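Accompanying notes for the structure given below.
Order of the sequence lines sets the chain letters (A, B, ...), proteins ahead of strands, with each chain counted from 1. Here the structure is a predicted model, which means the values were calculated and not measured.
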2 protein chains.
Amino acid sequence: MYSKKPNPNQTTVSKRETILDAAAELFLKEGYGAASINKLIDRIGGSKATVYGYFYSKERLFESIVESIVEEIPDFINGAQLMDLELREGLMAASQRLLKIATSPRHLALARIVIAETDRFPEIGKIYYERAPQHICEVLTAFIQQCAMRGGFEIAHPRETVESFTGMVLHHQLFRQLCVNPTPPTDREIHQLAARNTNMLLAMLSIKSNAGKDPKRK
Amino acid sequence: MYSKKPNPNQTTVSKRETILDAAAELFLKEGYGAASINKLIDRIGGSKATVYGYFYSKERLFESIVESIVEEIPDFINGAQLMDLELREGLMAASQRLLKIATSPRHLALARIVIAETDRFPEIGKIYYERAPQHICEVLTAFIQQCAMRGGFEIAHPRETVESFTGMVLHHQLFRQLCVNPTPPTDREIHQLAARNTNMLLAMLSIKSNAGKDPKRK
DNA sequence: AACAAACTGTACCGCATGTTACAGTTTTGA
DNA sequence: TCAAAACTGTAACATGCGGTACAGTTTGTT
């Protein structure tokens, strides 16, 4: 274990950040295995000892990186702002923002590395999952429930409905980009996807509320 | 390059298969970087030279592995058999089978390694994508179009509709397992997911067809 | 039995890895 | 101004990697 303590005060905290930023870029680009401390210091200069002074090991550095990137994921839509919208507008806004964020190169790289390394680093999977898909589902669930209350209808399984909704909006785009073609959709494509899937969800909700009871399975 | 040619005849073809099977297990478990030729021969005995005799390099071995695993993905539902079903039954059968296959540990491991390594090995992403998600979408699209024709209604964007459908069935389960909890859903959960999302799609289709022409509902 | 092809075991090469040690240099703060 | 703290550069370490060489052993075929 490296013994010299790094600087804990304000003025040179930037060194830690410099390392973290460069390491994030490197790890996201190359993956955990292919990224190395030598490549890291080739990028930013300085000494390996400094890196180990701050981060103790490659594994711990990696965990710090993922945590910092996850934290930088923007709130997918301002919760308060969402709550002011009507159902259709809210779903449109949310799904467009969701698509925009999820298909961005940086998020794609993050998802890739989390999915790849979650076996060896269970913490990062948990952190990512809670911050991204789970958080989004919670916000959206609260939103549609509020809409239902305001509109005087009921949603039988709001959480599961939202999970279906995010899936139908994101899944195909995401998988295509993860597997075969990383080009994100254009704004026009995003709009179309959002509109189609919003319509689909509204159709389903209106059937349920019109029919009073759900058209139970045969 | 290793020069001694391996056995091309029938009796000892099993050696190649033995290597391929063990390598598949190893690579799926550990990922490309962490799997090594030494670990491979520790598992099956024999000599590195034999491995290189058959597969020339680790990279080529890896590509062979992925190809062979992708080929082993079962046809997600017998196409002909699907075509005989009514819309609801077909969607139920397809989504249950889809969930069963996609959430299996083996497919999960495959998806993980493909997503992780598709940058360095673009071929494997393509092979997987075409064989799994794309193929399924094509079969399902053909199915719902046939149902529409038989039922006398129209589906505006069949392909996109199917993409939404597979997304709403799979996405959340898959991501949960990829990121945080690899436990596959129970048969009961699979049935519920399939039923809920089938109802959702049917609701959407009946709205669209009602809006268009004669109210066709089952 | 005998010959060739396939296979094995071991040792080796060059190289990259994570990590540590350490002596020297810069920066910081009082 | 000056010591302490932070940082740098270089070198070294043990280890494991992909890949090769090669001499010896097993196996299949005739």
Side-chain angles (χ1 to χ4, degrees), chain A residues 1-24 26-27 29-66 113 116-117 120-121 124, chain B residues 1-24 26-27 29-66 113 116-117 120-121 124:
Chain A
M1 173 98 55
Y2 190 69
S3 56
K4 290 192 189 160
K5 293 298 166 192
N7 188 352
N9 66 22
Q10 299 157 342
T11 50
T12 45
V13 158
S14 57
K15 187 71 199 178
R16 204 191 119 102
E17 304 264 299
T18 303
I19 295 174
L20 203 58
D21 288 354
L26 181 67
F27 277 68
K29 187 180 156 215
E30 313 225 347
Y32 179 81
S36 75
I37 312 294
N38 278 324
K39 287 182 190 168
L40 175 57
I41 61 157
D42 281 355
R43 290 186 163 214
I44 52 174
S47 166
K48 287 201 215 183
T50 307
V51 175
Y52 279 89
Y54 281 112
F55 299 102
Y56 309 102
S57 72
K58 190 189 179 186
E59 301 189 1
R60 292 234 245 153
L61 170 59
F62 178 57
E63 289 171 349
S64 301
I65 289 169
V66 172
I113 207 168
E117 302 298 338
R120 260 184 298 263
F121 302 91
I124 66 168
Chain B
M1 176 93 64
Y2 191 65
S3 56
K4 289 191 189 163
K5 293 298 166 194
N7 188 352
N9 68 22
Q10 299 156 342
T11 50
T12 46
V13 157
S14 57
K15 188 70 198 179
R16 204 192 120 102
E17 304 263 300
T18 302
I19 295 173
L20 203 58
D21 288 353
L26 181 67
F27 277 66
K29 187 180 155 219
E30 312 224 346
Y32 179 81
S36 76
I37 311 294
N38 280 323
K39 286 183 190 168
L40 175 57
I41 63 156
D42 282 352
R43 289 185 165 215
I44 52 174
S47 166
K48 283 204 222 180
T50 308
V51 174
Y52 279 90
Y54 281 112
F55 298 101
Y56 309 101
S57 72
K58 190 189 179 187
E59 301 188 0
R60 291 235 245 155
L61 171 59
F62 179 58
E63 289 171 350
S64 301
I65 289 169
V66 173
I113 206 168
E117 302 298 337
R120 260 182 299 263
F121 302 90
I124 67 169

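Comparing D:dT8, C:dT8, D:dG18 by their closest approach to the side chain of B:T50 singles out C:dT8. In this structure, of C:dC7, C:dA21, D:dG19, it is D:dG19 that holds the atom nearest to the side chain of B:S57. Each of C:dT8, D:dG9, D:dA6 was ranked by its minimum atom distance to the side chain of A:Y54; first place goes to D:dA6. Ranking C:dT19, C:dC7, C:dC22 by closeness to the A:K58 side chain, first place goes to C:dT19. Of all nucleotides listed (D:dC7, C:dC22, D:dG18), D:dC7 comes nearest to the side chain of A:K15. Distance from the side chain of A:Y52 is smallest for C:dT20 among the nucleotides C:dT20, C:dG9, D:dG18. Comparing D:dT20, C:dT17, C:dT19 against the side chain of A:N38 picks out C:dT17 as the nearest.
When side chains are defined from C-beta on, A:I41 does not count as touching A:I19, because their heavy atoms never get closer than 4.5 Å. Looking at A:S64 and A:L20, their side chains come closer than 4.5 Å, going by heavy atoms from C-beta outward.
For A:E63, there are no salt bridge (Lys or Arg N to Asp or Glu O under 4.0 Å) partners at least two apart in sequence or on another chain. Annotation: side-chain contact (heavy atoms from CB on, under 4.5 Å) contacts of B:A24 (sequence neighbours excluded): B:I65, B:I69, B:R106. Checked against side-chain contact (heavy atoms from CB on, under 4.5 Å), A:A116 has the following partners two or more places apart in sequence or in another chain: B:A116.
D:dC13 atom C1' lies 11 Å from atom NZ of A:K48, rounded to whole Å. We find that CZ of B:R60 is positioned 14 Å from C1' of D:dG19, with the value rounded to whole Å. Following rounding to the nearest Å, B:Y32 (OH) and D:dG16 (P) show an atom-to-atom distance of 19 Å. The distance from atom CZ of B:R16 to atom P of C:dA5 is 21 Å, rounded to the nearest whole Å. When rounded to the nearest whole Å, the span between OH of B:Y56 and C1' of D:dT20 equals 16 Å. Regarding B:F55, its CZ atom lies at a distance of 16 Å from the P atom of D:dT20, rounded to whole Å. Rounding to whole angstrom units, CD1 of residue A:I37 and C1' of C:dA21 are separated by 17 Å.
For the residue pair B:F62 and B:I124, the shortest heavy atom distance occurs at CE2-CD1, 3.8 Å. Closest approach of A:Y32 and A:K58 over heavy atoms only: O-NZ, 2.9 Å. For the residue pair B:S57 and B:Y52, the shortest heavy atom distance occurs at CA-CE2, 3.8 Å.
Put simply, CZ on A:F121 and CZ on A:R60 are 12.0 Å apart, with the number rounded to the nearest 0.5 Å.
Backbone-only engagement by A:A35 is indicated by non-hydrogen atom pairs under 4.0 Å involving sugar-phosphate atoms exclusively.
Inter-axis angle, ends of the helix from C:dA1-D:dT30 to C:dA30-D:dT1, five pairs per end, rounded to 10 degrees: 20°.
Within residues 39-47 of chain A, the residues approaching DNA chain D are A:G46, A:S47, by heavy-atom distance under 4.0 Å.
For residues 38-53 of chain B, the set of pairs meeting the salt bridge (Lys or Arg N to Asp or Glu O under 4.0 Å) definition, not counting sequence neighbours, comprises B:E25-B:R43, B:E30-B:K39.
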